[in-house]
Amino acid sequence: MMFDLSFLNMCSSRVLEFDLDIIQCVDESKLKWTSFHLTDKWSALCKESLRLSRISEFLLLNPLYIIRIMHMLHVEALQILLQGLCGVPKDRVRVHEFCLKSGPNLGVVPSEVRLLCDLAQPTPTWTVRHAGGAMRGAGAEQLSVLVRSVVESKVSNNALRFFYAVGYKLDHELLKIGFAFRFQRVVPITVTVTSANRMPRLHAIDDAVPLTPGIQLVEITAPAAGDNYNEVAAAVSSFCEYLVPLLHLSKPGVSTGIVPTAAAAASSLLSNSGGKAI
Amino acid sequence: MPVKWLMHWQPNQGSTLSSQVLAEVCQCVEGFGAAAKDRKWRTTLTFYRPMARDSAAAPVSDVPRDLLGIALHDRPSAYFFILRHHRIILQADANVQLLMDKLQSYKARVVLHFEGSQYQLGDFQLRVGKCGPSMSETLRGIMMEVEYLPLSSIEKSRPIMEAFFDIWHETITKASLPGHFVISDSNFSDYGLQDYYSPQHTSLQYATCIAQLMSAGRS
């Protein structure tokens, strides 16, 4: 049985837990989605091999899947690594994000705000967020991190109605699903690992589908003031060094490839933890 | 949160507002036996106007021109936006003002302060204040905040507040002051506010109070 499918979709935020009779895949070259049933010996072997403890056997049988599965393994391994480094339990992330833009002619400049509805809480809570432009200049370029001003404010749950009323329009909405670790390491640091999901119809979060299947966004952020951002940048960069076996984090806008050690590091982390993320 | 009622001063026909009137109102409060507290209070109200992209072009249309921002003296960490036409009260953290500045879509045009002295009278806390533009001594109005500490239900407090208001009205009349206080009645249910009193109720009361003060000033 030959597959021209080179990707395994992460159908949920639980890595490597599939409805294993049907695997959805995308052919990257054609951007085509296909579902197929696993039958006969491939089915049994696939299911078994997709379990972490048998990953090496699977790799031998079907090299097409090596890289992509490793990507998914990385997320699981990243959780384990972060759990060990941070010493705090992870927080579930499930945020409905509304990107609002000012209507035509409103405002001295066009503006954008994001409304974030935290669905991980028993009662959804709302936050409005505005991010300014990145700090520029020679000093900024030397930093390994992006520095920009961000204002966030908790708001009551009629915030969307309010911003519509004052002339803002919905540009797009996303559902971000994943996890976060919030801890203190010289400064308060937040590591967020999320996938972005789009909604086929307005506000239809139950039908959200991944925007970039199999690809997660890893963000490391820390608050800073005007007079200490160098120290904060150093603390963030220093923490990022601990993640180097698995991934290289870079300034937004600068892409990195897959880390050569990632596969081995991920396997090691997973086998040490018994194949289960905490 | 204890219930508050707001009252604004309605001057008699032909009389003017002055700091003398304010001083005499304070004397009436102290005559009640109310004990003056050391701390002053201040609630700030800001009128926002929409900004057009090109200042030479026509003003931006289809956006509200009645956006009001309120910082309450007893909620320094919060800020309230009110859209009266849309019947919306948005409660936010105090730094939402900074966010609004950064958006540059609405600009603060007029800032008014309600400020003055506060008094304790049994289960009541009274705040007598003047209303005027920031950075100016101009007096735009006089108002009072009457807070009844034991109750949080607006309806349950109504008979007590009305009884207080009757006694207060009688006191003002006997002192022959050139005017009287009028209760600033707000339509809470229009804004979806419930019977249980909250800072959102207070913010709406200040928005109503300033509208009524401005109307009293015009007539």
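Throughout, protein chains are lettered first and strands after them, A, B, ... in sequence-line order, and every chain is numbered starting at 1.
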Could you tell me whether a side-chain N or O of [X] sits under 3.5 Å from a main-chain N or O of [Y], the two making a donor and an acceptor?
| X | Y | value |
| --- | --- | --- |
| Asp62(B) | Gly167(A) | no |
| Ser153(A) | Ala92(B) | no |
| Asp93(B) | Lys154(A) | yes |
| Asn158(A) | Ile88(B) | no |

Chain A contact via Tyr106(B) - which portion, at a heavy-atom distance below 4.5 Å: side chain
Is it the backbone or the side chain of Leu103(B) that comes under 4.5 Å from a heavy atom of chain A, or both, or neither?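 It is both, since atoms from each part get that close.
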In terms of side-chain heavy atoms, does Ser105(B) have a donor or acceptor partner in Tyr168(A) at a distance below 3.5 Å? yes
Shorter than 4.5 Å, heavy atoms on both sides: which option in Leu98(B), Asn95(B), Leu67(B) has the most such pairs with chain A? Asn95(B)
Looking at Gln200(B), Lys107(B), His86(B), which makes the most heavy-atom pairs under 4.5 Å with chain A?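 Top count of heavy-atom pairs under 4.5 Å with chain A: His86(B).
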May I ask you to check whether over 12 heavy atoms, not counting those of Lys156(B), lie within 6.0 Å of atom NZ?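 No.
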Tell me if the CD atom of Gln194(B) is crowded by more than 12 foreign heavy atoms within 6.0 Å. no
With Val166(A), the side-chain contact (heavy atoms from CB on, under 4.5 Å) member among Leu83(B), Leu90(B), Val63(B):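 So, applying the side-chain contact (heavy atoms from CB on, under 4.5 Å) to Val166(A) and each of Leu83(B), Leu90(B), Val63(B), only Leu83(B) qualifies.
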Atom NE2 in His130(A), atom CE in Met100(B): separation rounded to 0.5 Å?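 If we round to the nearest 0.5 Å, His130(A):NE2 and Met100(B):CE are 11.5 Å apart.
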Does some side-chain heavy atom of Val155(A) sit less than 4.5 Å from a side-chain heavy atom of Gln91(B)?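 Result no, sub-4.5 Å side-chain heavy-atom pair not found.
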Got Lys102(B) and Ser111(A) here, is their nearest side-chain heavy-atom distance under 4.5 Å? no
Quick one, Arg53(B) with Val108(A), criterion side chain to side chain contact (heavy atoms under 4.5 Å, CB included). Give me CA distance, side-chain angles, the key distance, then yes/no. CA-CA 4 Å; Arg53(B) 189 67 47 81; Val108(A) 173; over 6 Å; no
